[in-house]
Amino acid sequence: MNMQLRPDGSLRHLITLEHLSRALIERLLDRAQSFVRPLGAPAPVSRALAGCTVANLFTEPSTRTRVSFELAAKRLGADVVNLEVQLSSRIKGESMLDTVFTLQSLHIDALVIRDAEPGVPGTVASHVAPSVSVLSAGEAHIAHPTQGLLDALTVRQHKPRFESLRIAIVGDIRHSRVARSAVHIFRTLGTADLRLVAPPGLMPAPEEFPGCSRHTTLEEGLREADVVMMLRIQSERMAQADLPDAAHYYESYGLTSARLALARPDAIVMHPQPMNRGVEIASEVADGPQSVIRDQVRNGVAVRMAVLDEVLAWRRAG
Ligand code: ASP
């Protein structure tokens, strides 16, 4: 999606990681890494984006993503406004654009959008004034680009050679924007062995995820994996009748210590959260020594700082 880039190749909007160059992704990851501090150390703060305003427009629930976009903007000195959009007045393309034009008139520089309807961040990006950037904070089941970046940053901190990694993505892949963005970024960074592990009903359509291997048992998919990425069942994106029974699911697809032993001994375990302990993951694994789930949360702020810094850098230059 070239509309994401400015003529000089810098990032203007972030809607999807697909088709972003490896150089741009590595630049964002390096910048994000510069914002990471050990737990207990003071968070990095700067005035780099002083005078800029970021609006969070979320029409789907969010905890980590919304809070971390807000913290990221504030730690760079920007002002933040959070719009409480009633889920009951379901946003349609047109009314979303009216809201966007209002925010634009109020001199908003970056608009962070989460929406359950496919296409909304891209539609908004194609209508805003040249001075406004649009950042997706989760688009339906389609994309969650800052999650993809924070996942890659987390992997890179433990296993920097993406080319040689075996990455297993496990669970409700069919409805997961996290899995789609993960596959885009890991591919761009050179990972060839990408495994999708899911029951047949949660596997994506055959034409999706080209080049990934598919496994319907954890035992097969986890073998010798370096990275195990667990996913939540996206119950909000499926009919009640299609929901797997939680206990039954855990029996076959829950990540327990015994199953994790099939992966490499130094494998890392990831989860985008919210987690359903005892459904897709056992507490002993979620809180265990191989889990990097809390690092993912910390890295989320750093990645969002890097993205805001990149898309609003022109403001500083001017
Ligand atoms: N928080 C992630 C998302 O917004 C994962 C999830 O909800 O399961 O997609």
Side-chain angles (χ1 to χ4, degrees), residues 14-18 56-72 82 85 87 91 112-122 134-155 167-186 196-199 201-204 208-209 227-238 242-244 246 249-250 253-255 269-281 285-286 291-304 307:
L14 183 60
I15 310 298
T16 175
L17 297 173
E18 203 174 5
N56 281 323
L57 184 48
F58 281 55
T59 67
E60 264 196 324
S62 172
T63 311
R64 279 153 298 273
T65 306
R66 204 198 57 72
V67 170
S68 62
F69 262 114
E70 179 169 356
L71 286 176
N82 293 308
V85 185
L87 288 170
I91 300 298
V112 179
I113 297 180
R114 167 171 289 195
D115 198 84
E117 202 175 299
V120 170
V134 176
L135 308 177
S136 168
E139 174 191 356
H141 63 288
I142 308 279
H144 195 347
T146 55
Q147 178 77 43
L149 284 163
L150 78 87
D151 288 339
L153 181 64
T154 308
V155 171
I167 301 182
I169 304 178
V170 183
D172 183 6
I173 296 163
R174 179 190 288 247
H175 304 101
S176 176
R177 55 192 176 204
V178 174
R180 286 174 175 78
S181 286
V183 166
H184 289 151
I185 198 162
F186 291 139
L196 310 180
V197 188
L202 299 180
M203 255 323 163
E208 281 201 278
F209 294 86
V227 176
V228 183
M229 181 185 275
M230 303 306 293
L231 300 173
R232 180 179 66 91
I233 295 173
Q234 307 283 295
S235 44
E236 68 276 32
R237 301 190 208 289
M238 55 180 110
D242 296 334
L243 266 179
Y249 184 85
Y250 184 66
Y253 294 95
L255 187 64
V269 175
M270 304 173 70
H271 193 304
Q273 305 200 65
M275 271 186 286
N276 294 306
R277 292 164 183 263
V279 180
E280 69 265 6
I281 191 164
V285 176
S291 169
V292 295
I293 295 170
R294 291 180 197 161
D295 296 359
Q296 288 176 271
V297 180
R298 179 197 57 182
N299 289 334
V301 182
V303 151
R304 288 163 185 132
V307 170

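Just so you know, ligand 1 is whichever comes first in the structure, and atom 1 is the first atom listed for that ligand.
- Only side-chain heavy atoms of R177 come within less than 4.0 Å of ligand 1; its backbone N, CA, C and O stay farther off.
- Listed by atom number, the atoms of ligand 1 under 4.0 Å from R232 heavy atoms are 6 (C), 7 (O), 8 (O).
- Within the structure, the closest approach of P274 to ligand 1 falls below 4.0 Å when heavy atoms are considered.
- The shortest N or O to N or O distance between Q147 and ligand 1 is not below 3.5 Å.
- For ligand 1, the atoms closer than 4.0 angstrom to any heavy atom of V178 are 2 (C), 5 (C), 9 (O).
- Taking the side chain as every heavy atom from C-beta outward, R64 and Q296 never approach each other to under 4.5 Å.
- Taking 4.5 Å as the limit, some side-chain heavy atom of R232 sits within range of a side-chain heavy atom of N276.
- Summarising the geometry of P272 relative to M230, their closest heavy-atom pair is CD-O, 3.1 Å, with the distance given to 0.1 Å.
- Close approach of ligand 1 to Q234 is summarised as follows: ligand atoms under 4.0 Å from at least one heavy atom of the residue are 6 (C), 8 (O).
- Within ligand 1, counting atoms from 1 as listed, the ones closer than 4.0 Å to a heavy atom of R114 are 4 (O).
- Only side-chain heavy atoms of H144 come within less than 4.0 Å of ligand 1; its backbone N, CA, C and O stay farther off.
- Under the 4.0 Å criterion applied to side-chain N and carboxylate O atoms, R180 and E208 are assigned as salt-bridge partners.
- S68 places a side-chain N or O within 3.5 Å of a backbone atom of T65 that can act as its donor or acceptor partner.
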